[in-house]
Amino acid sequence: MESIEEQLKSAFRLKDSLNDELRRAETMTDRIPVRKDLRELNGQISELKIKKQQLFWKSIFKNVEEGE
């Protein structure tokens with residue numbers, strides 16, 4: 001399974017690709033599905049960032065509990 005960091009990198013590469021596709025889209029009809037995909041991807045990125053932050057704080061608290 002990919003780490004959260006790898007998932008975030010992959011998501012940002014996909015976001016760049018979708019933004020490029022959005023710029024190339026000539027009609028509004030072409031842009032609608034790309035914008036929908038971008039909204040969904042932004043939601044996934046937000047969730048991954050939250051998970052990453054939670055794991056960070058969990059490791060900090062674990063270290064404090066262990067006396068490090």
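Everything numeric here is computed off the predicted structure, so don't read it as measured data. Just so you know, residue 1 is the first one in the sequence shown, and it goes up from there.
Residues forming a side-chain hydrogen bond (donor to acceptor under 3.5 Å, both in side chains) with Asn19 (at least two apart in sequence, or on another chain): none. Asp37 pairs by the side-chain hydrogen bond (donor to acceptor under 3.5 Å, both in side chains) definition with nothing, not counting sequence neighbours.
Here the CG atom belonging to Leu41 is positioned 6.5 Å from the CG atom belonging to Leu18, to the nearest 0.5 angstrom.
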Would you tabulate the side-chain donor-acceptor contacts of residues 51-58 under 3.5 Å, counting partners in other chains and residues two or more places apart, or write 'none'?
from	atom 1	to	atom 2	distance (Å)
Lys52	NZ	Glu5	OE1	2.7

Legend entry - Asp20 and Arg23: CA distance, side-chain angles, deciding distance, side chain to side chain contact (heavy atoms under 4.5 Å, CB included) verdict: CA-CA 5 Å; Asp20 289 343; Arg23 283 189 281 278; 2.4 Å; yes

Inset, instruction - Evaluate the side chain to side chain contact (heavy atoms under 4.5 Å, CB included) criterion for residues Ile45 and Lys49: first the C-alpha distance (whole Å), next the side-chain angles of each, then the deciding distance (0.1 Å), finally the verdict. - result: CA-CA 6 Å; Ile45 288 172; Lys49 285 180 176 180; 3.8 Å; yes

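When all heavy atoms are compared, the tightest approach of Arg31 to Glu26 is NH2-O, 3.9 Å. Closest heavy-atom contact between Glu21 and Val34: OE2-CG2, 3.5 Å. Ile4 and Leu48 make their closest contact through CG2-O, 3.6 Å (heavy atoms, listed as atom of the first residue, atom of the second, distance).
A side-chain donor-acceptor contact under 3.5 Å links Ser46 to the backbone of Asn42.
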